[in-house]
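Notes to accompany the following structure.
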Amino acid sequence: MKNIVWLLLLLPIFAAAQYPALPVKETDPHKDEINKDIGRVILSLCTDTKITLTGSYEREIARPLTLVLKAGPGIDRQYDSLDAYGEKQYSWVINAVATAELRCYIGLRKRTMQQKTVRNFSGLYISAEVLVKSGALIRISNPDTDRTAGYTRPFINIGYQKQVKKTYYSLFFGTRFPGKAYSNAVSGLDLLHGGIALGRVF
């Protein structure tokens with residue numbers, strides 16, 4: 001009887017020993033590393049510039065402030081004219097896009113103190129951005145249509161970016177600076193922009 005009691009007491013210990021050890025969650029050893037100069041290649045989908053492939057350079061000014069410069073080609077769908085039936089006609093074009101953006105990262109110091117991931121300014125930010133888009137350099141469709149003029153637009157943005165190993169993700173939403181643009185806007189949608197991006201850090 002005594003042996004049976006001991007067996008019942010030790011059985012849970014032997015049973016627990018048969019279960020494999022739970023895997024330890026891998027942590028990024030570079031999660032709190034912030035480089036002063038950060039280069040990226042980024043593929044973006046944006047309401048203003050449609051599809052762009054840009055080279056990006058982010059430079060720390062004084063933490064949490066940085067300057068982000070981007071430039072590269074884009075594929076856009078631009079309005080041409082109305083046809084004989086009053087329908088809008090569009091063309092697919094290749095143009096050039098460049099932006100200069102002053103960013104301020106929100107809660108960066110707090111995230112660092114809490115040992116959360118802040119790698120290369122991973123986190124929430126607000127920014128002031130100037131976007132420059134050229135007119136059509138190459139027309140993929142309707143090549144005989146007159147070339148569309150480019151434009152320059154200033155924006156105020158809120159966004160979030162994250163780096164996982166060498167992969168870069170970001171999303172943002174913004175509005176144009178108040179002023180003449182607001183009084184001339186056909187609709188509220190003309191004043192807004194937003195987008196998502198996927199990139200590689202080098």
Kindly write out the residues that satisfy side chain to side chain contact (heavy atoms under 4.5 Å, CB included) with Lys116, not counting sequence neighbours, or none if the list is empty. Arg111, Gln114
Please examine the side chains of Val93 and Ile75, heavy atoms only from C-beta on, and report whether any two atoms are closer than 4.5 Å. no
State the OG1-CD1 distance between Thr175 and Ile158, to the nearest 0.5 angstrom. 13.0 Å
Separation between OG1 of Thr49 and CG of Asn95, rounded to the nearest 0.5 Å: 8.0 Å
Considering residues at least two apart in sequence or located in another chain, which fulfil the side chain to side chain contact (heavy atoms under 4.5 Å, CB included) criterion with Arg40? Ile38, Ile42, Ser56, Glu58, Asn120, Gln161, Tyr168, Val201
Checking Tyr160 now: which residues fulfil side-chain hydrogen bond (donor to acceptor under 3.5 Å, both in side chains) with it, not counting sequence neighbours? none
Could you state the interatomic distance from NZ (Lys162) to OG (Ser170), rounded to the nearest 0.5 Å? 13.0 Å
Taking the six-membered ring for Trp, are Phe172 and His193 closer than 6.0 Å centroid to centroid? yes
Yes or no on side-chain contact (heavy atoms from CB on, under 4.5 Å) for Val118 and Leu108, after CA distance, side-chain angles and deciding distance? CA-CA 7 Å; Val118 293; Leu108 184 65; 3.9 Å; yes
Any non-hydrogen side-chain atom of Val130 less than 4.5 Å from a side-chain atom of Arg153? no
Do the non-hydrogen side-chain atoms of Leu131 and Thr152 ever get within less than 4.5 Å of each other? no
Return the CZ to CD distance between Arg119 and Gln163, rounded to the nearest 0.5 Å. 4.5 Å
Ring pair (Phe, Tyr, Trp, His ring centres under 6.0 Å) contacts in which one or both residues fall within residues 92-119, not counting sequence neighbours: Tyr105-Phe121, Tyr105-Tyr125
Answer with yes or no whether the side chains of Thr66 and Arg103 bring together a donor and an acceptor at under 3.5 Å. no
Please evaluate residues Phe177 and Ile156 with respect to the criterion side-chain contact (heavy atoms from CB on, under 4.5 Å), reporting the C-alpha separation (whole Å), side-chain torsions for both, the decisive distance (0.1 Å), and the verdict. CA-CA 7 Å; Phe177 275 92; Ile156 301 172; 3.7 Å; yes
Does some side-chain heavy atom of Thr112 sit less than 4.5 Å from a side-chain heavy atom of Lys110? no
Does the pair Lys133/Asp48 count as a salt bridge with the N-to-O cut at 4.0 Å? no
Answer with yes or no whether the hydrophobic clustering places Val164 together with Phe202; edges join I, L, V, M, F, W, Y residues whose side-chain heavy atoms lie under 4.5 Å apart. no
Cluster link Leu137 to Val132, ILVMFWY, side chain under 4.5 Å: no
Just jot down the side chain to side chain contact (heavy atoms under 4.5 Å, CB included) partners of Thr167, sequence neighbours excluded, or say none. Tyr169, Leu198, Arg200
Can you see which heavy atom on Asn157 is nearest to which on Gly174, and at what distance? OD1-CA, 3.3 Å
Quick one: do the Ser127 and Glu101 side chains pair a donor with an acceptor below 3.5 Å? yes
Nearest-0.5 Å distance, CG of residue Leu53 to OG of residue Ser44: 8.5 Å
Look at the side-chain heavy atoms of Ile, Leu, Val, Met, Phe, Trp and Tyr, link any pair under 4.5 Å apart, and say whether Leu45 and Leu43 land in one connected group. yes
Please name all residues satisfying side chain to side chain contact (heavy atoms under 4.5 Å, CB included) with Leu67, sequence neighbours left out, ordered by chain then number. Ile61, Leu69
Whether over 12 other heavy atoms sit under 6.0 Å from Arg109 CZ: no
NZ of Lys70 to OG1 of Thr99, rounded to nearest 0.5 Å, is 4.5 Å
